[in-house]
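This report concerns only the one structure given below.
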Amino acid sequence: MSINIWIVVAGDPAVGNLIDTARSLGGQVCAAVVGSRVVADTVAAGGVDKVVWFGEPGKAPVEAFATAAADVIEATPGVVLGASRASDRVLLGAVAARLQAPVLTAPSSVSAEGDTLVVTRSIFSGIAEETVTVSGPVAVVLDGGPIPVANPAGGSALMEEVSAVTLGMTVVETHSSDFEQVDLGAAPRVVGIGRGLKAPGDLAMIEALAKASRSEVACSRPLAEGLDWLHKDRYIGVSGQHIAPEVYFAIGISGQLQHMVGVRGATTIVAINSDPNALVFTEADYCLVGDLYSIVPALTDALR
Amino acid sequence: MKIVVAYKWAPNPQDASVGVDGAVDWSRAKPGISEYDPVAIELARRLAEATGGEVIALTAGPKSVDASMARKAALSRGFDRAVIVADDALEGAGTTELAAVLAAAVRHIGDVDVVITGDSSVDVGAKMVPTVLAGQLGWPAVAEVTAVSGSDPAAGLLRVERAITGGTQVLEITGPAVLAASTDAAVPRVPGMRDILAAGKKPVETLEVPALDVPASGTTVTVTATARPDLKARKGQLIDTADPAAAAAELVAALRADGAI
Ligand SMILES: Cc1cc2nc3c(=O)[nH]c(=O)nc-3n(C[C@H](O)[C@H](O)[C@H](O)COP(=O)(O)OP(=O)(O)OC[C@H]3O[C@@H](n4cnc5c(N)ncnc54)[C@H](O)[C@@H]3O)c2cc1C
Ligand SMILES: Nc1ncnc2c1ncn2[C@@H]1O[C@H](COP(=O)(O)O)[C@@H](O)[C@H]1O
């Protein structure tokens with residue numbers, strides 16, 4: 001591609017997938033990096049040609065640099081890639097607005113044909129796919145991927161520091177809470193629990209099943225957002241994690257599209273639900289119609 | 001304070017049907033207020049109750065977004081008035097175009113202090129309209145917002161709490177700003193009979209796109225193919241659970257036979 005390829009980085013250097021995708025398009029790759037120097041250096045060493053860095057952010061949140069990022073990219077517009085995380089979306093949104101560029105989400109493939117971009121992507125929570133060709137500036141939202149590994153041959157991209165006029169935003173408090181990080185994507189088996197669970201104390205029963213089946217515990221969105229019984233990184237679906245384990249146990253989960261789209265890659269799906277008409281049974285290999293409170297302990301015993 | 005809530009009137013893809021060629025048929029999917037937008041409305045009402053001021057509903061879409069049922073569904077949720085951009089030219093409009101129309105409508109309303117949106121729309125679900133909208137206006141944007149108050153409303157200062165990975169953060173923002181509510185920011189009130197009756201009397205301003213100043217995009221996007229995702233065939237094997245222990249044994253045996261455990 002002879003047009004410009006940008007990636008926007010919002011304080012989190014986990015942009016390996018953006019860099020790989022940008023590189024595969026075959027042109028010069030520039031990164032607009034908001035965040036600390038460490039983040040800028042990580043991106044610079046990770047395989048881009050040039051980094052534009054906005055300086056140490058101090059008390060300004062990443063989002064305060066949205067206009068500055070748009071200013072920089074507007075000078076040489078093109079294909080702009082950003083991660084799907086909240087702050088990254090704010091930067092990318094500001095850039096898309098400035099370029100009046102369409103936004104494409106959930107791509108399964110991004111490639112270049114001459115100067116047009118060809119994107120195949122999932123639409124409407126995954127009920128369909130479309131392939132589009134795009135000519136002109138465009139913003140693409142994709143999974144950030146891991147932190148890029150530094151080029152073993154050493155060497156790093158050209159770094160240009162620009163001074164930025166920030167928007168009027170200040171971080172006045174940050175509270176962190178401990179949570180156990182989990183890589184659901186790497187788990188061979190996952191036990192997913194939904195609103196069929198009556199009380200948070202009943203999670204012990206689910207954990208026992210997870211232990212007996214050597215699975216990680218995951219959940220539907222309401223259990224993580226709203227009920228707060230599990231941490232947000234454990235929910236599966238269109239707006240959460242996408243996983244493809246060998247076995248997924250969907251327990252007390254109705255099986256709505258927005259959840260199931262995150263587990264469609266599972267080799268085997270086991271569904272346990274008291275409602276024989278639950279949608280989850282239409283996408284399961286093994287269907288157990290009944291009360292999870294009697295089936296889960298029995299299953300745990302059988303696995304021990 | 002002048003608070004705008006951007007809500008979408010849209011159907012759930014769960015209820016759409018998809019042809020083998022990937023064509024989406026929405027005819028049996030009934031539109032409604034997008035699932036998480038009532039959370040934004042609730043945040044806006046709390047802010048209005050605390051600081052005084054009005055809450056204005058804003059939506060953009062094809063003519064159907066201005067149907068009387070659609071208007072009532074929105075206005076019964078406690079808005080003071082509504083601005084509806086209803087134009088069939090917006091059928092199938094993309095994120096950036098919709099955000100540009102909404103931005104133009106926000107400018108048209110004038111003197112807006114804050115725009116609150118939902119987390120993601122039920123149909124498109126890109127989580128991008130709020131951020132592109134902010135970009136169009138040149139305003140700060142924050143997503144995953146869990147609470148908002150006017151720390152010094154007279155000076156246009158907003159105190160915004162948002163969820164970050166493994167914690168929360170409080171920001172002070174010089175407004176105006178666009179805030180996208182996290183799905184669990186508030187539990188929306190359910191409209192009662194009185195609200196539904198009052199809805200019919202609230203003022204509504206309906207606009208068409210040409211009445212607004214909407215910039216054009218120089219990019220062309222051409223759909224060259226559509227497809228239905230290739231889903232794995234599932235066995236759908238029913239296991240009798242009359243005796244849970246026997247059911248568990250049968251499942252474990254089946255999973256072992258498959259080499260799954
Ligand atoms: C834009 C958008 C994005 C979304 N993104 C996601 C996402 O990423 N992930 C996600 O999960 N959801 C997502 N959702 C929400 C999704 O649409 C569903 O609302 C959600 O997945 C339902 O969760 P659930 O199955 O746990 O709860 P419910 O739908 O309430 O289902 C509970 C199930 O438990 C069963 N049950 C009850 N008691 C028992 C018992 N004793 N034994 C056995 N079964 C029992 C019931 O029969 C029922 O089927 C999204 C929605 C929207 C609009
Ligand atoms: N056409 C629209 N009219 C008004 N608000 C919208 C529209 N589309 C999206 N929004 C708002 O933006 C949020 C995110 O939408 P999306 O980017 O489509 O996921 C929604 O929850 C709404 O609050």
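Residue numbers begin at 1 in each chain, while the letters A, B, ... track the order of the sequences.
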Proximity breakdown for E144(B) and chain A, heavy-atom pairs closer than 4.5 Å: side chain
Please classify the contact between A225(B) and chain A as side chain, backbone, both or neither, with a heavy-atom cut-off of under 4.5 Å. both
If we count only N and O atoms by modelled type, under 3.5 Å, do the side chains of T170(A) and E172(B) hold a donor and an acceptor together? no
For chain B, the option from A94(A), A284(A), A302(A), A96(A) that forms the most heavy-atom pairs under 4.5 Å: A284(A)
Ignoring hydrogens, what is the shortest heavy-atom contact between G135(B) and A97(A)? Give both atom names and the distance. C-CB, 3.4 Å
Is the closest side-chain donor-acceptor distance between T226(B) and E130(A) under 3.5 Å? no
Are S122(A) and P229(B) packed together at the side-chain level, in the sense that at least one heavy-atom pair is separated by less than 4.5 angstrom? no
What closest approach, in Å, do T268(A) and A260(B) show between heavy atoms, and which atom pair accounts for it? OG1-CB, 4.3 Å
Only pairs of heavy atoms separated by less than 4.5 Å count here; which of S177(A), S84(A), G290(A), A86(A) has the most with chain B? S177(A)
Looking only at heavy atoms and a cut-off of under 4.5 Å, which of L231(B), V178(B), T95(B), D240(B) has the most pairs with chain A? L231(B)
Atom group of L137(B) that falls short of 4.5 Å from chain A, counting heavy atoms: neither
Identify the two heavy atoms, one from V24(B) and one from A128(A), that lie closest to each other, and give their separation to 0.1 Å. CG2-CB, 3.9 Å
Shortest non-hydrogen contact from T219(B) to P137(A)? OG1-O, 2.6 Å
Salt-bridge present (R162(B), E63(A); N to O < 4.0 Å): yes
Measure distances from A23(B) to the heavy atoms of chain A and classify the residue's part below 4.5 Å as side chain, backbone, both or neither. neither
Let's test your reading of the structure: which of E246(A), R189(A), R85(A) forms the most heavy-atom pairs below 4.5 Å with chain B? R189(A)
Where do D228(A) and D184(B) land on the side chain to side chain contact (heavy atoms under 4.5 Å, CB included) test, with the steps shown first? CA-CA 9 Å; D228(A) 286 342; D184(B) 53 357; 3.8 Å; yes
Heavy-atom pairs under 4.5 Å with chain B are the metric here; pick the option from V296(A), T300(A), V289(A) that has the most. V289(A)
By a 4.5 Å heavy-atom criterion (distance strictly below it), what part of L251(B) contacts chain A: side chain, backbone, both, or neither? side chain
Max heavy-atom pairs within cutoff under 4.5 Å with chain B, candidates L257(A), L279(A), T131(A), goes to T131(A)
Are side-chain heavy atoms of F249(A) and L255(B) found at a separation under 4.5 Å? yes
Could you go through T165(B) and F179(A), starting from their C-alpha distance and side-chain angles, then the distance that decides it, and tell me whether this counts as side chain to side chain contact (heavy atoms under 4.5 Å, CB included)? CA-CA 10 Å; T165(B) 310; F179(A) 71 98; 4.2 Å; yes
Would you check if V122(B) and F124(A) make a side-chain contact, meaning some heavy-atom pair closer than 4.5 Å? no
With a 4.5 angstrom heavy-atom cut-off, could you sort out which part of S87(A) is near chain B: side chain, backbone, both or neither? side chain
Is D119(B) in contact with chain A via its backbone, its side chain, both, or neither, using a 4.5 Å heavy-atom distance? side chain
State whether a side-chain donor-acceptor pair under 3.5 Å links E97(B) with Q100(A). no
Below 4.5 Å from any heavy atom of chain B, which atoms of V238(A) appear? Answer side chain, backbone, both or neither. neither
T96(B) side chain to A101(A) main-chain N or O, any donor-acceptor pair under 3.5 Å? yes
Chain A heavy atoms under 4.5 Å from V221(B): which part of the residue, side chain, backbone, both or neither? both
One should read off an interatomic distance between E129(A) CD and R228(B) CZ, to the nearest 0.5 angstrom, of 11.5 Å
Could you tell me which portion of A99(B) (side chain, backbone, both or neither) has an atom closer than 4.5 angstrom to a non-hydrogen atom of chain A? neither
Which of A227(B), A185(B), A143(B) touches chain A most, by non-hydrogen pairs under 4.5 Å: A227(B)
Report yes if some heavy atom in the side chain of T282(A) is under 4.5 Å from a heavy atom in the side chain of R234(B); otherwise report no. no
What distance do L238(B) atom CG and Y286(A) atom OH have between them, rounded to the nearest 0.5 Å? 12.5 Å
Heavy-atom distance under 4.5 Å to chain A: side chain of V223(B), backbone, both or neither? both
Top of P13(B), P130(B), G22(B) for chain A proximity - count of heavy-atom pairs under 4.5 angstrom: P13(B)
Sub-3.5 Å donor-acceptor pair from the side chain of K127(B) to the main-chain atoms of R89(A), do we have one? no
What are the two closest non-hydrogen atoms of V172(A) and R159(B), and how far apart are they? CG2-NH1, 4.4 Å
If one checks every heavy atom of A163(B) against chain A at 4.5 Å, the contacting part turns out to be side chain
Would you find a donor on one side and an acceptor on the other, under 3.5 Å apart, between the side chain of D285(A) and the backbone of K235(B)? yes
Do R264(A) and D230(B) sit within salt-bridge range, that is, some charged N less than 4.0 Å from a carboxylate O? no
Looking only at V187(B), T222(B), I173(B), V129(B), the option with the highest number of non-hydrogen pairs under 4.5 Å against chain A is T222(B)
Indicate whether the side chain of Q258(A) and that of N12(B) have a donor and an acceptor atom separated by less than 3.5 Å. yes
In terms of side-chain heavy atoms, does T224(B) have a donor or acceptor partner in T133(A) at a distance below 3.5 Å? no
Quick check: are there more than 12 heavy atoms from other residues, nucleotides or ligands sitting under 6.0 Å from CZ of R214(A)? no
Heavy atoms of other groups near K59(A) NZ, more than 12 under 6.0 Å: no
Under the 3.5 angstrom rule, does the side chain of T174(A) hit a backbone N or O of Q169(B) as a donor-acceptor pair? no
Check P140(B) against M169(A) and note the closest heavy-atom contact, atom names and distance. CB-SD, 3.6 Å
Who wins among G218(B), G259(B), A254(B), A249(B) for the most heavy-atom pairs under 4.5 Å with chain A? A254(B)
Who wins among P244(B), G166(B), G94(B) for the most heavy-atom pairs under 4.5 Å with chain A? G166(B)
Out of V247(A), T105(A), L288(A), return the one with the most heavy atom pairs under 4.5 angstrom to chain B. L288(A)
Quick one: pull up CH2 in W139(B) and OG1 in T67(A) and give me the separation to the nearest 0.5 Å. 13.0 Å
Chain B contact via V270(A) - which portion, at a heavy-atom distance below 4.5 Å: side chain
Taking side chain as C-beta onward, heavy atoms only, is I261(B) less than 4.5 Å from L303(A)? yes
Which answer fits I272(A), side chain, backbone, both or neither, if we ask what part of it has an atom under 4.5 Å from a heavy atom of chain B? neither
Counting only heavy atoms not in D111(B) (residues, nucleotides, ligands), do more than 12 fall under 6.0 Å from its CG? no
